[in-house]
There are 2 protein chains.
Amino acid sequence: MDGTELGRQARPRLEDVAAEVGLSPASVSLVLRGAAGPSAATRERVLEAAGRLGYRPDRAASLLARRRSRLIGVMLDIRSDYHGELVEDVHEAAEQHGYDLVLSTITRSRDERRAVETLLDSRCEALLLLGPDAPAAWLAELDRQLPVVVVGRSIGSPGVDIVRAADDQGVSLSVDHLVGLGHAQIAYVDGGAGEIAAARRDGYRRAMLRHGLRDRIRVIPGDHTEEAGIRAGMRVAAVLTGHAPTPTAVVTFNDRVAVGLLDALSRAGVAVPGDISVVGYDDSPLSRLAHVGLTTVSQNSPALIEHAVTAIVERLDGGRTTHTEIVLPPGLVVRTTTAPPPPSPDVGHPPGG
Amino acid sequence: MDGTELGRQARPRLEDVAAEVGLSPASVSLVLRGAAGPSAATRERVLEAAGRLGYRPDRAASLLARRRSRLIGVMLDIRSDYHGELVEDVHEAAEQHGYDLVLSTITRSRDERRAVETLLDSRCEALLLLGPDAPAAWLAELDRQLPVVVVGRSIGSPGVDIVRAADDQGVSLSVDHLVGLGHAQIAYVDGGAGEIAAARRDGYRRAMLRHGLRDRIRVIPGDHTEEAGIRAGMRVAAVLTGHAPTPTAVVTFNDRVAVGLLDALSRAGVAVPGDISVVGYDDSPLSRLAHVGLTTVSQNSPALIEHAVTAIVERLDGGRTTHTEIVLPPGLVVRTTTAPPPPSPDVGHPPGG
DNA sequence: AGGATTTCTTAAAGCGCTTTAAAGCGTGCT
DNA sequence: AGCACGCTTTAAAGCGCTTTAAGAAATCCT
């Protein structure tokens with residue numbers, strides 16, 4: 001009465017295929033991996049038999065025996081849409097270089113350390129970390145064990161490879177765009193703590209200064225969620241109906257915040273872009289919806305990932321021993337939430353209310 | 001000048017730890033796995049040395065040597081928020097039963113077949129498939145190889161284990177709730193093709209019939225995206241300002257659709273729930289936002305997952321050889337997008353009829 | 001033909017860990 | 001003493017695959 005009585009039959013092993021064609025396991029292994037050696041006739045026979053038996057190599061055994069695993073460990077936060085998109089690109093890029101992926105996600109009960117340990121246990125040769133929060137020192141220490149590339153986060157004194165978009169520059173683009181449309185009262189909804197948030201905030205500040213709008217700088221506290229956008233939106237809407245200096249445009253930390261903001265504004269009867277222009281950041285699928293049409297900053301993530309994977313391959317196969325930091329310029333995607341400011345200059349009152 | 005000069009030192013092996021404490025690898029293995037045998041003193045020495053050396057067992061080797069892998073393969077679509085949430089729960093549930101996870105996602109260039117193959121190659125003992133689209137026959141065939149449990153999709157003639165929520169019942173709850181509030185003109189935004197969409201649509205139809213609202217049945221075509229909600233919202237808003245029979249409530253296929261709908265309605269100046277009540281489905285994080293406050297149906301996914309993992313464990317360790325289908329009742333989460341209908345201004349028949 | 005090449009095939013030694021049967025070793029018992 | 005008995009520890013045989021050096025076979029030369 002044990003579990004094997006279920007009719008499940010053991011999966012065929014390399015040896016079974018070898019026996020089937022009357023060759024040695026070595027030859028079969030060679031054929032199956034496309035290595036040089038076996039003759040065309042042998043190849044054919046082996047392939048046929050393997051197919052007929054439904055043979056699939058055991059990855060654990062193969063990993064163990066091979067000198068290299070050709071595995072790249074990817075740490076991500078599965079709750080993030082953005083990471084999901086990135087992983088798709090990583091898959092493709094890795095495949096092109098002959099690497100496979102092993103994924104490990106952080107969850108509420110699984111911190112970065114544990115996620116990375118899982119990765120290491122699976123013998124991966126390099127680590128691709130999507131937006132890690134871990135201290136730089138630990139990352140550098142990891143990098144002493146195997147190549148580590150950090151995507152999306154900027155780190156003071158590297159010790160790892162870094163691939164990221166120029167966040168400050170992205171926000172700059174937004175501000176430039178708005179100024180070009182004639183805006184001056186441009187507020188910014190902040191992304192909270194974190195290096196990315198800091199970089200974007202900085203980009204905003206600097207762009208404002210550059211345009212001589214020092215006293216129009218206005219940072220509304222927030223975080224990375226719709227909730228923050230909603231709060232900011234309600235605040236802005238209240239101000240609109242009040243008398244304080246009114247923003248005619250709002251730049252947000254990311255698209256999620258922007259979407260929350262848009263929602264709150266629309267419910268408060270504030271027209272976008274009629275009364276207020278809004279710019280997001282990320283070019284997320286949501287922002288692309290025709291009805292939303294959010295003007296936003298695109299990080300060009302396929303390129304980002306391509307660089308990240310290339311960085312890994314360079315260190316693994318190219319013999320590079322130095323660290324590199326690649327900063328990609330973001331691009332502005334202008335859609336329908338930005339327009340010139342309303343004619344009424346200073347104290348604006350809501351139209352339809 | 002080879003790659004090893006980088007100062008990376010080989011990771012310590014079991015044997016190294018053994019040498020360090022002057023014991024055999026066997027003893028160390030025993031200690032590290034918490035198996036019975038070694039004395040307390042030995043345990044301590046080994047643990048200390050292992051810690052000092054930073055030893056981590058090689059998973060591939062361990063997998064290969066062990067009879068069982070204690071691995072559950074999870075196939076998911078990383079683009080889906082919902083799957084992301086589920087994976088968190090799977091992690092926890094699996095851990096409690098002493099299993100670990102191996103993840104494999106489908107992407108645009110990686111279909112379910114490939115994703116599953118990756119999983120099989122890693123020696124997992126069972127498969128947990130989140131909302132697979134694959135034909136039932138293939139799933140059944142897989143199940144002959146190893147236990148398969150399908151989450152969230154209903155399948156005609158199983159051949160696999162199934163764990164899902166009663167989708168029709170969920171929509172029924174929504175309709176009941178609305179009827180209880182006095183609504184009669186209840187429209188439904190459809191989720192397109194697919195078995196889940198069919199079940200929910202059915203639930204709507206049947207609930208309407210049950211309440212004697214046969215001629216109020218109105219299914220607005222759509223799919224599973226915000227876009228569909230937006231289109232539906234614009235349609236409903238147009239009707240409101242026109243003269244056709246007006247819905248006073250809209251039930252949607254899922255929260256994403258509902259959010260799109262809410263957005264379109266609010267931009268059209270339609271008040272929710274003042275003019276129209278809206279009900280979603282999924283109890284997604286978005287619906288929980290205070291400002292959105294979407295009334296929605298909760299699938300109770302932690303319980304869903306708990307059952308799914310239990311089903312696997314039963315077959316793996318419990319010796320169950322039959323297939324099971326577990327259907328969990330969903331629950332309604334009433335928030336702020338539902339209220340009694342506005343005092344009927346138009347030709348609507350009074351409720352209850 | 002004989003030897004030198006080249007081509008194809010395989011034996012055998014692992015990869016790092018688990019597992020089982022058996023070996024040590026103090027005990028207490030008769 | 002002699003012995004059976006727990007309690008610890010270990011030798012050794014794999015897990016299924018890769019890889020390398022060497023063997024066998026076929027091909028080429030002069």
Side-chain angles (χ1 to χ4, degrees), chain A residues 4 9-47 49-50 53-71 98 100 117 120-125, chain B residues 2 4 9-47 49-50 53-71 98 100 120-125:
Chain A
T4 53
Q9 50 202 22
R11 56 193 287 173
R13 292 158 310 152
L14 190 64
E15 196 186 332
D16 300 325
V17 179
E20 186 77 8
V21 291
L23 283 171
S24 71
S27 298
V28 176
S29 173
L30 259 8
V31 171
L32 259 26
R33 269 170 310 117
S39 67
T42 302
R43 296 204 113 76
E44 195 171 330
R45 281 201 303 150
V46 168
L47 258 17
L53 263 47
Y55 172 77
R56 316 216 81 232
D58 183 315
R59 170 176 264 235
S62 161
L63 231 56
L64 185 56
R66 213 191 322 255
R67 268 4 183 52
R68 307 195 34 187
S69 70
R70 299 205 74 86
L71 241 32
D100 207 344
E117 280 173 358
L120 292 179
D121 291 350
S122 64
R123 282 189 157 222
C124 59
E125 298 181 24
Chain B
D2 66 22
T4 53
Q9 50 202 23
R11 56 193 285 173
R13 292 158 310 150
L14 190 62
E15 196 186 330
D16 300 324
V17 180
E20 185 77 9
V21 292
L23 283 171
S24 71
S27 299
V28 176
S29 173
L30 259 10
V31 169
L32 259 25
R33 271 170 309 117
S39 67
T42 301
R43 297 203 114 77
E44 195 172 326
R45 279 200 305 150
V46 168
L47 258 18
L53 263 47
Y55 172 76
R56 316 217 79 232
D58 183 315
R59 172 175 264 235
S62 162
L63 232 57
L64 184 57
R66 213 190 325 253
R67 258 24 172 52
R68 305 195 36 189
S69 70
R70 298 205 76 86
L71 240 32
D100 208 343
L120 292 179
D121 291 350
S122 64
R123 284 191 154 220
C124 61
E125 299 180 25

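In what follows, chains carry the letters A, B, and so on, assigned in the order in which the sequence lines appear, proteins first and then strands, with residues in each chain numbered from 1. Since the model is a prediction, treat every value here as computed from it, not as a measurement.
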N-O pairing of B/R70 and B/E125 below 4.0 Å: no
Salt-bridged, A/D16 to A/R11, with N to O below 4.0 Å? no
Reading DNA chain C from 5' to 3', where do the contacts with chain B start and stop? Cut-off is 4.0 Å to heavy atoms. C/dG16 to C/dT19
Base, sugar-phosphate or nothing for B/S29? Non-hydrogen atoms, less than 4.0 Å. base
Mind listing the closest non-hydrogen atom pair of A/A49 and A/V17 along with its distance? CB-CG1, 4.3 Å
So what does B/R123 hit on the nucleic acid, given a heavy-atom distance under 4.0 Å: a base, only sugar-phosphate, or nothing? sugar-phosphate
Salt-bridge test for B/R13 and B/D58: reply yes if a basic N is under 4.0 Å from a carboxylate O, no otherwise. no
Scan B/P25 against the nucleic acid and name what it touches under 4.0 Å (heavy atoms): base, sugar-phosphate only, or nothing. nothing
Closest-nucleotide ordering on DNA chain D, the 5'-leading residue of B/R66 and B/L23: B/L23
Would you name the heavy atoms of A/P38 and A/L30 that are closest together and state the gap between them? CG-CB, 3.6 Å
Above 12 or not: heavy atoms from other molecules or residues under 6.0 Å from CD of B/E44? no
With a 4.0 Å cut-off on heavy atoms, is B/S39 in touch with a base, just the backbone sugar-phosphate, or nothing at all? sugar-phosphate
Select base, sugar-phosphate, or nothing to describe what B/R59 touches, counting heavy atoms under 4.0 Å on all strands. nothing
Where each residue is assigned the nucleotide of DNA chain D containing its nearest heavy atom, which of B/R67 and B/S27 is assigned the position nearer the 5′ end? B/S27
